Amino acid sequence: MTSNKNKQYQDEQYNRTPDYEMGSGFSNYDRLMVELNNRMYYEKEIYEKFLNENGLNAEDTFDKNTDHAQLLETVYSILQTLLSNIDMYRKIETEFVTSGQAATALQDRLKNLRAEINRIKAEMHYDDSDFTFMYYTR
């Protein structure tokens with residue numbers, strides 16, 4: 001899967017090979033876990049499959065210039081699956097008293113995440129289609 005994207009970030013600070021001794025850089029899997037607040041809704045292998053579905057390899061170095069939108073799409077996909085299994089979500093996110101509160105919070109997060117994905121794609125000038133962001137507003 002290749003797409004034409006412009007580089008938003010001119011320096012290379014967002015494209016560092018992970019060095020676990022120095023604590024620098026991220027793999028795509030590491031960055032996914034940061035986005036999910038290190039919540040293990042699923043096993044690692046499932047997260048790796050979600051990354052793969054969105055065109056990312058879990059062990060590859062995360063490059064914000066090219067991988068950011070795909071990574072957020074992965075987070076969105078994962079959270080979307082939890083919407084249909086709100087009890088599993090509540091096992092990890094224990095601050096919700098009712099399933100309704102959990103579902104509302106999750107829907108709000110999905111809505112905000114979709115807005116962020118759309119913003120990033122618009123700023124990065126993804127060449128998916130001439131009409132992709134025809135109705136995009138801030």
Side-chain angles (χ1 to χ4, degrees):
M1 179 178 156
T2 61
S3 62
N4 298 323
K5 299 175 234 180
N6 294 330
K7 209 170 186 181
Q8 181 177 8
Y9 305 100
Q10 297 306 317
D11 59 21
E12 293 300 318
Q13 69 175 334
Y14 297 110
N15 185 19
R16 289 189 183 155
T17 302
D19 182 340
Y20 296 103
E21 287 183 25
M22 297 293 291
S24 65
F26 285 107
S27 69
N28 288 321
Y29 176 78
D30 294 337
R31 188 67 169 89
L32 175 65
M33 293 310 297
V34 169
E35 287 292 333
L36 293 173
N37 296 319
N38 289 310
R39 302 284 202 248
M40 292 301 292
Y41 303 110
Y42 298 105
E43 300 293 321
K44 181 179 180 182
E45 295 78 24
I46 301 296
Y47 285 152
E48 289 172 349
K49 289 178 183 180
F50 274 107
L51 284 165
N52 188 268
E53 280 182 0
N54 287 289
L56 298 173
N57 182 311
E59 300 306 317
D60 286 351
T61 300
F62 174 74
D63 181 349
K64 193 167 184 176
N65 281 306
T66 58
D67 302 335
H68 195 196
Q70 290 168 284
L71 186 96
L72 293 180
E73 288 284 3
T74 303
V75 173
Y76 187 89
S77 296
I78 291 166
L79 295 178
Q80 185 72 33
T81 65
L82 295 172
L83 199 54
S84 63
N85 190 352
I86 206 70
D87 290 331
M88 185 167 75
Y89 178 71
R90 285 184 64 207
K91 286 180 185 176
I92 305 295
E93 305 292 340
T94 59
E95 70 268 15
F96 301 109
V97 177
T98 67
S99 293
Q101 288 175 330
T104 299
L106 187 54
Q107 287 171 338
D108 288 345
R109 183 161 182 212
L110 285 166
K111 180 181 172 187
N112 292 336
L113 190 56
R114 177 53 56 202
E116 178 68 5
I117 292 167
N118 290 343
R119 182 191 65 76
I120 290 167
K121 285 183 175 181
E123 287 178 3
M124 296 297 287
H125 306 288
Y126 281 56
D127 294 330
D128 296 335
S129 165
D130 292 338
F131 300 101
T132 302
F133 298 102
M134 189 172 168
Y135 298 106
Y136 174 77
T137 60
R138 287 191 178 194

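What you see is a predicted model, and the numbers here were worked out from it, not measured in a lab. When a residue number appears, it is its place in the shown sequence, counting from 1.
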*Got more than 12 heavy atoms from elsewhere within 6.0 Å of CD, Glu95?*
yes
_Shortest non-hydrogen separation from Leu82 to Tyr89 and the atoms involved_ = CD1-CD1, 3.9 Å
_Closest heavy-atom pair and its distance - Leu71, Leu56_ =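 Closest approach of Leu71 to Leu56, heavy atoms only: N-CD1, 3.7 Å.
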*Using the test side-chain hydrogen bond (donor to acceptor under 3.5 Å, both in side chains), find all partners of Glu35 that sit at least two apart in sequence or belong to another chain.*
Arg31
*With Glu48, which residues qualify under side-chain hydrogen bond (donor to acceptor under 3.5 Å, both in side chains), at least two apart?*
none
Rounded to the nearest 0.5 Å, how far does [atom2] of [Y] lie from [atom1] of [X]?
X      : Y      : atom1 : atom2 : result
Ile117 : Asn112 : CD1   : CG    : 11.0 Å
Glu59  : Asp30  : CD    : CG    : 8.0 Å
Phe26  : Asp63  : CZ    : CG    : 13.0 Å
Lys44  : Leu51  : NZ    : CG    : 10.5 Å

Taking only distance into account, with no hydrogens and no angle test, what donor-acceptor pairs under 3.5 Å do side-chain atoms of residues 73-80 form with protein atoms, sequence neighbours excluded?
{"unit_1": "Glu73", "atom_1": "OE1", "unit_2": "Arg114", "atom_2": "NH2", "d": "3.0"}
{"unit_1": "Glu73", "atom_1": "OE2", "unit_2": "Arg114", "atom_2": "NH1", "d": "3.0"}
{"unit_1": "Glu73", "atom_1": "OE2", "unit_2": "Lys121", "atom_2": "NZ", "d": "3.1"}
{"unit_1": "Thr74", "atom_1": "OG1", "unit_2": "Asn54", "atom_2": "ND2", "d": "3.1"}
{"unit_1": "Thr74", "atom_1": "OG1", "unit_2": "Gln70", "atom_2": "O", "d": "2.9"}
{"unit_1": "Ser77", "atom_1": "OG", "unit_2": "Glu73", "atom_2": "O", "d": "3.0"}

*Side-chain heavy atoms of Thr81 within contact of Leu83, under 4.5 Å*: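 Heavy-atom side-chain distance check fails, nothing below 4.5 Å.
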*Do Tyr41 and Glu93 have side chains that get closer than 4.5 Å, going by heavy atoms?*
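They are in contact (side-chain heavy atoms under 4.5 Å apart), so the answer is yes.
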*Over 60° means perpendicular and under 30° means parallel, so classify the ring planes of Phe50 and Tyr42, tilted if in between.*
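Tyr42 vs Phe50 ring planes: tilted.
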*Under the 3.5 angstrom rule, does the side chain of Asp67 hit a backbone N or O of Phe62 as a donor-acceptor pair?*
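Answer holds: no.
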_Summary of salt bridge (charged side-chain N to carboxylate O under 4.0 Å, His left out) pairs that have at least one residue in residues 74-86, sequence neighbours excluded_ =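 Of all non-adjacent pairs touching residues 74-86, none passes salt bridge (charged side-chain N to carboxylate O under 4.0 Å, His left out).
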*Which residues share a side-chain contact (heavy atoms from CB on, under 4.5 Å) with Met33, sequence neighbours left out*: Tyr29, Asn38, Met40, Tyr47
Could you pull out all donor-acceptor pairs under 3.5 Å where a side-chain atom in residues 96-105 meets a protein atom, sequence neighbours excluded?
{"unit_1": "Thr98", "atom_1": "OG1", "unit_2": "Gln101", "atom_2": "N", "d": "3.1"}
{"unit_1": "Ser99", "atom_1": "OG", "unit_2": "Arg90", "atom_2": "NH1", "d": "3.1"}
{"unit_1": "Gln101", "atom_1": "OE1", "unit_2": "Val97", "atom_2": "N", "d": "2.9"}
{"unit_1": "Gln101", "atom_1": "OE1", "unit_2": "Thr98", "atom_2": "N", "d": "3.2"}
{"unit_1": "Thr104", "atom_1": "OG1", "unit_2": "Gly100", "atom_2": "O", "d": "2.9"}

